[in-house]
Participant: 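Sending over a structure as structure tokens; questions will come in a sec.
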Number of protein chains: 2
Amino acid sequence: MFEQHPFGKLIAEYIQNTEYPKQPADLYDPIMYILSLSGKRIRPLLVLMGAKLFGKENLQEVVPASIAIEYFHNFSLIHDDIMDKAPLRRGKATVHQKWNDNVAILSGDALLVKAYLELGKSPSAHIPDLLNVFNKVALEVCEGQQYDMDFEKKSNVSEDDYLNMIRLKTSVLLGGALQMGAILANAEQEQQQLIYDFGVNLGIAFQLQDDYLDVYGNPETFGKQVGGDILCNKKTILRIKTEQLLDEESKEEFQKLIDLDTIEDAEKVSRMKNLYAKFEVDKYAEDIKSRYMELAYNKLDSIAVSEAQKAELRMLADTLMHRTR
Amino acid sequence: MFEQHPFGKLIAEYIQNTEYPKQPADLYDPIMYILSLSGKRIRPLLVLMGAKLFGKENLQEVVPASIAIEYFHNFSLIHDDIMDKAPLRRGKATVHQKWNDNVAILSGDALLVKAYLELGKSPSAHIPDLLNVFNKVALEVCEGQQYDMDFEKKSNVSEDDYLNMIRLKTSVLLGGALQMGAILANAEQEQQQLIYDFGVNLGIAFQLQDDYLDVYGNPETFGKQVGGDILCNKKTILRIKTEQLLDEESKEEFQKLIDLDTIEDAEKVSRMKNLYAKFEVDKYAEDIKSRYMELAYNKLDSIAVSEAQKAELRMLADTLMHRTR
């Protein structure tokens, strides 16, 4: 999506030109492998955009922090995939699948350490503040992953709990990425907070849209199986809101759809969509997503730089929110 | 061993007084659990001693870095125990055993991040240098663990490979701990290197002694089953050296002891000890251990502070090397 952006190229180049030790192979090969699966590289882009927003000119000084964020993200993918027993990531075998769990645990650990190594290449004067933000966010991402796993076993997940979970698991990293850029551009504390809040709210909206697209996305452009979340009984905003609104009659139908594994896939998706429609949770999800988008844009509006300087971030947010996959 | 040392108390107090969030419980409870198993706390002690050696007076400023080292060590224990499928740690259930693998992976990750959080509480001016050393050492420990796992499957491990593995897995963390103390005391680069080298060589000697005591320790004071390494076919310095010296006749006996699982425990240990005795690898292990101790003391001798200031570290090293368990 942003591979053609000059910042995207800066990041891709840095990662491609990084040399890893040949040995021990089972430590470094999986790191090169996961990084080669690339993905959208939105998070490192946000670090660079956060810096540029506040007038940073020497962007080479920002690259290490942006790589730190990308490494951290990939570390979390390796470990999350073990925990979720996921066989595929970006259409390719996950690390624990291609190697084994032990290799995935240890190479993930090494990649997390390498994230901090990159962070340590930032200009010295900024390292304490960068470390501070990075650590806070990293710990929150761990908390989010734990809540996510807890929710799988929990019968009643509230909407607030869910929103808090996606904030921790997904959104704070976007906010932190932007804030780290701001730090490197010497932005004031208050401005840092605004750009962080922009990122967090954008991230929540992004995740809510993920839930929405999984059910209502265009099968031709979505890239994944539409209805996948319904089929694996994932607790998304749509399901959580529906459960909250169920009447007696629908309760039985809902429970059947969750419990019975004899219902065919297409039928299960279609019947669950009927319930979603009955309680208008599709509309609800869109509303709440828009609310977070608005919150995000309000924060961006408050930032004390010119509209022209904000244009690129606004465009990025628009692109992310109008994606179809 | 050092619980009564004033530094030991400082560390114990700090850990006891640290409050962890109540939620998510499966993230923070395992962290509190592993830290409560305590252990000898030698590594954080080394950070404080490294600082004191170079005249640091305000030791409160050194405590966070020392806790960072202790947290890192405990993170590595949690993850190593998963990888080694170890049921017990310090006589208690390991984290993955008491909870499960996922909990152990994620709480280990969180503890690693918390190590960096503690590091970030050090005086700002020193954070870039501390981060640098910490990262380098942390990555090497991952490499060491990977080599250790590789060696289990490898038929021929050379002595050099083995020494390099224990240097990475165990010793650089001791060296790094001392160096971080030196950094906080504003020691010069050259002095930092000397105390680092002292720690690394001491660490290698310590690990070689571990191999030795596992076979020749006094069963009454050793605490673990004497001969445990022989029984699980662990590639220790004794075994590696023996394999290197085997003649045709002994080769057969050696291979039997490794391959047959019909030999009773006591007999297996006694017959392997016969081989060790035949090739005098017990003496060899003691010699090489002494060589590393001497290297360590040479480095300590070269450090540009008074003998009186070195006394405590010398005592610590002596105590460690004359331990019986």
Side-chain angles (χ1 to χ4, degrees), chain A residues 21 23-28 72 75-76 78-80 82-85 100-150 165 168, chain B residues 21 23-28 72 75-76 78-80 82-85 100-150 165 168:
Chain A
Q23 293 294 331
D26 276 357
L27 192 67
Y28 291 113
F72 177 83
F75 138 77
S76 76
I78 297 178
H79 278 194
D80 285 4
I82 310 172
M83 294 184 246
D84 302 342
K85 302 197 189 312
N100 57 53
D101 280 11
N102 282 0
V103 164
I105 292 170
L106 196 60
S107 61
D109 292 344
L111 188 49
L112 175 54
V113 171
K114 282 193 72 68
Y116 283 100
L117 260 163
E118 289 301 324
L119 197 71
K121 294 178 188 166
S122 305
S124 291
H126 292 304
I127 288 178
D129 285 346
L130 292 173
L131 185 62
N132 213 4
V133 171
F134 192 89
N135 284 335
K136 181 174 147 282
V137 162
L139 197 58
E140 287 178 335
V141 171
C142 292
E143 291 178 356
Q145 169 67 5
Q146 185 62 56
Y147 282 127
D148 198 13
M149 293 196 296
D150 289 345
M165 183 276 284
L168 294 168
Chain B
Q23 293 295 331
D26 276 357
L27 191 68
Y28 291 113
F72 177 83
F75 138 76
S76 76
I78 296 177
H79 279 194
D80 286 4
I82 310 173
M83 295 184 245
D84 301 343
K85 301 199 190 311
N100 57 54
D101 280 11
N102 281 1
V103 164
I105 292 171
L106 195 61
S107 61
D109 292 344
L111 188 50
L112 176 52
V113 171
K114 281 193 73 68
Y116 283 100
L117 259 164
E118 290 300 324
L119 198 71
K121 295 179 187 166
S122 305
S124 291
H126 291 305
I127 288 177
D129 285 347
L130 291 173
L131 186 62
N132 214 3
V133 171
F134 192 89
N135 284 335
K136 181 174 148 284
V137 162
L139 197 59
E140 287 177 336
V141 171
C142 291
E143 291 179 356
Q145 169 67 6
Q146 184 62 54
Y147 282 127
D148 196 13
M149 293 196 296
D150 289 347
M165 184 275 284
L168 294 168

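Per chain, numbering begins at 1; letters A, B, ... match sequence-line order. This structure is a prediction, so every number in the text was calculated from the model and none was measured.
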Participant: So, for A/D150 and B/P24, which heavy atoms are closest and what is the spacing to 0.1 Å?
Facilitator: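 Looking at all heavy atoms of both residues, the closest pair is OD2-CB, 4.0 Å.
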Participant: Check each of B/F72, B/Y116, B/F134 against A/Y116 using the ring-ring contact (aromatic ring centres under 6.0 Å, His included) test, and report the only one that passes.
Facilitator: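 The option that passes is B/Y116.
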Participant: Enter the distance from A/N135:CG to B/E118:CD here, rounded to the nearest 0.5 Å.
Facilitator: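 Reported to 0.5 Å precision, the distance equals 10.0 Å.
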Participant: Taking all non-hydrogen atoms of both residues into account, name the closest pair between A/S124 and B/P128 and its distance.
Facilitator: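 Taking A/S124 first and B/P128 second, the nearest heavy atoms are O-CG, 3.8 Å.
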Participant: Find the distance between CG (A/N132) and NZ (B/K121) and round it off to the nearest 0.5 Å.
Facilitator: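 It comes to 10.0 Å.
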Participant: By the definition side chain to side chain contact (heavy atoms under 4.5 Å, CB included), identify the one residue from A/D101, A/L106, A/N100 that meets it with B/M83.
Facilitator: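 By the side chain to side chain contact (heavy atoms under 4.5 Å, CB included) criterion, B/M83 pairs with just one of A/D101, A/L106, A/N100: A/L106.
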Participant: Of the backbone (N, CA, C, O) and the side chain (C-beta and beyond), which part of B/D26 lies under 4.5 Å from a heavy atom of chain A, both, or neither?
Facilitator: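 When you check distances to chain A, atoms from both the backbone and side chain of B/D26 fall under 4.5 Å.
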Participant: Is B/F75 in contact with chain A via its backbone, its side chain, both, or neither, using a 4.5 Å heavy-atom distance?
Facilitator: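 B/F75 touches chain A through side-chain heavy atoms alone.
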Participant: Give, as side chain, backbone, both or neither, the part of A/L27 having an atom under 4.5 angstrom from any heavy atom of chain B.
Facilitator: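 Interface part for A/L27: both.
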Participant: Quick one: of A/I127, A/L131, A/D109, who has the most non-hydrogen atom pairs under 4.5 Å with chain B?
Facilitator: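 Greatest number of close heavy-atom pairs with chain B: A/D109.
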Participant: State whether a side-chain donor-acceptor pair under 3.5 Å links B/Y28 with A/E143.
Facilitator: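 Yes.
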Participant: Could you report the tightest heavy-atom contact between A/L139 and B/V113, atom names first, then the distance?
Facilitator: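 Looks like N-CG1, 3.8 Å.
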Participant: Counting heavy-atom pairs closer than 4.5 Å to chain A, which one of B/L112, B/L119, B/D80, B/D84 comes out on top?
Facilitator: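 Looking at each option in turn, the highest pair count goes to B/L112.
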